[in-house]
Amino acid sequence: MAQNNVRPKDIIPDPILTTWAVQYGVGGGFIHDQVAPVMSVQWPEYKFPRYTADQVSREIKLTVAPGGKPSLYTHGKPTFVTGSCKRRALDGQVIREVALANRGPFASERAMVEKLTHNIRLDVENSVKTILDASSNSATPSVKWDAASGTIVIEKNIDDAKEAFELLCGVPATHMIMPRAVANVVKRNSDIKSLRKGTNESLLIDGEIPDTVFGLRVVIPGAIQNSANPGLAFSSARVWNTDTVYLLHVNPAISADGETLTALSQVRYSEWDVPYAAYRWEETHKSQRVTWVSVDVHQTEETVCADAIYLLTDVLG
């Protein structure tokens, strides 16, 4: 078998395949774009501010006498962190001798682009979850939400977490990630239904939790992955297979200014001004009748403000 020395870095993205990669790069049960805004950088190496909460600082002397000099405002300065965008990439082979009935132009390439992009996004989703799970700001309810007496504690636990979050961060939480196992318990809770159905009819229309509950944007992850080790039989599992509820402060403005306080960010370098680039080239050994397809993205997931993350752990029994 001939050595294939052509790599994506040696060619420019295929415009048609790249359009599909960008299309497959959003939605689909992944939540990282909802909780970790993209911050674009001009170079693969970058610096960004990492914040501690400084919104709660208080000046002792604010009153100024006529002709006097105001006090100097002091605050916790961010630490500028140096990082680099790692490249995630996958190659796939399209075998020309395998013909599908009634397939359109580039049908096999399109299917391959979808698979490659999906797997890259799975890695990003797991990275975001790993960062959040490492947070040291947490509490554990003494009464589990699925216990017989748990119907009266869900709202209180969330209120307590919101208060702890705001005292820690200085700004309120905006989003609440609720994994599917937890969301199913909450949406079936009779007290929650009674509380919400009079003011939010969507609870009864589609059977799901409303988009906003107790002032927080509810985000329910849906990504599925193979949890088996390589070479073993496929085993389907949710990426967010946990009973932890995550409270975050999410501010999309960081996408524009690179300085806004938010919990997480996807720091992305786009050489070709697209989030996901797809490539296509023919195998140099022509008799193999193989076309190569590749998709890549250059980005690193970063914690911008650790104080903007708060966990309610082990909420189920």
Side-chain angles (χ1 to χ4, degrees), residues 20-21 23-36 38 85-94 110-138 140-141 144-147 175-188 207-209 218-248 250 263-268 275-276 278 293-303 309-317:
W20 292 332
Q23 172 186 330
Y24 296 134
V26 295
F30 297 97
I31 67 165
H32 49 262
D33 287 338
Q34 297 183 57
V35 300
V38 174
C85 293
K86 59 188 176 183
R87 177 175 177 246
R88 290 181 173 94
L90 281 175
D91 290 351
Q93 289 181 313
V94 175
R110 180 169 189 162
M112 182 60 69
V113 166
E114 180 177 10
K115 293 174 184 177
L116 301 181
T117 306
H118 185 87
N119 278 275
I120 291 173
R121 297 184 70 208
L122 270 176
D123 193 62
V124 175
E125 189 85 352
N126 276 283
S127 173
V128 167
K129 181 178 182 296
T130 298
I131 292 173
L132 294 179
D133 284 337
S135 174
S136 59
N137 307 319
S138 64
T140 301
K144 304 305 180 184
W145 291 5
D146 54 351
H175 288 59
M176 176 168 56
I177 301 174
M178 193 176 289
R180 172 52 63 187
V182 179
N184 286 343
V185 170
V186 173
K187 77 174 186 176
R188 296 167 186 159
E208 286 293 352
I209 298 173
V218 177
V219 181
I220 302 176
I224 304 292
Q225 66 183 351
N226 180 12
S227 62
N229 290 326
L232 299 182
F234 177 82
S235 178
S236 179
R238 293 190 177 274
V239 173
W240 298 81
N241 185 23
T242 178
D243 62 353
T244 294
V245 175
Y246 308 77
L247 273 65
L248 308 173
V250 179
L264 307 175
S265 181
Q266 300 174 78
V267 185
R268 181 178 295 165
Y276 292 87
V293 174
S294 183
V295 176
D296 70 5
V297 63
H298 294 75
Q299 77 167 47
T300 299
E301 299 71 51
E302 298 278 10
T303 301
I309 303 169
Y310 193 89
L311 312 184
L312 277 170
T313 62
D314 301 320
V315 300
L316 303 181

Answer yes or no: is there a side-chain heavy-atom contact under 4.5 Å between [X] and [Y]?
X      : Y      : answer
Asp33  : Arg121 : yes
Ile224 : Arg238 : yes
Met178 : Lys187 : no
Gln34  : Val250 : no

To the nearest 0.5 angstrom, please state how far the [atom1] atom of [X] sits from the [atom2] atom of [Y].
X      : Y      : atom1 : atom2 : value
Leu248 : Leu264 : CG    : CG    : 6.5 Å
Met112 : Gln93  : CE    : CD    : 8.0 Å
Ser138 : Ile309 : OG    : CD1   : 12.0 Å
Thr244 : Asp133 : OG1   : CG    : 6.0 Å
Tyr24  : Glu114 : OH    : CD    : 4.5 Å
Leu312 : Trp145 : CG    : CH2   : 5.5 Å

Is the distance from the ring center of Tyr246 to that of His175 below 6.0 Å? no

Look at the side chain of [X] and the backbone N and O of [Y], then say whether any donor-acceptor pair between them is shorter than 3.5 Å.
X      : Y      : answer
Glu125 : Ile31  : yes
Asp146 : Gly317 : yes
Ser235 : Asn226 : no
Thr300 : Val267 : no

For the residue pair [X] and [Y], what are the closest heavy atoms and their distance?
X      : Y      : result
Pro275 : Arg268 : CB-NH1, 3.1 Å
Ile131 : Glu301 : CD1-O, 3.6 Å
Thr140 : Lys144 : CG2-NZ, 3.7 Å
Val38  : Ser265 : C-OG, 4.3 Å
Leu247 : Met176 : CD1-CG, 4.2 Å
Ala223 : Leu122 : CB-CD2, 4.5 Å

Decide whether Tyr276 and Arg88 meet the rule of one side-chain donor and one side-chain acceptor closer than 3.5 Å. no

Decide yes or no on side-chain contact (heavy atoms from CB on, under 4.5 Å) for Leu311 and Val245, but give the supporting numbers first. CA-CA 6 Å; Leu311 312 184; Val245 175; over 6 Å; no

Pairing residues for Tyr310 by the ring pair (Phe, Tyr, Trp, His ring centres under 6.0 Å) criterion, not counting sequence neighbours: none

For Lys115, is the NZ atom crowded, meaning more than 12 foreign heavy atoms sit under 6.0 Å from it? no

Residue that, paired with Trp240, satisfies side chain to side chain contact (heavy atoms under 4.5 Å, CB included) out of Ile220, Val182, Asn126, Leu132: Leu132

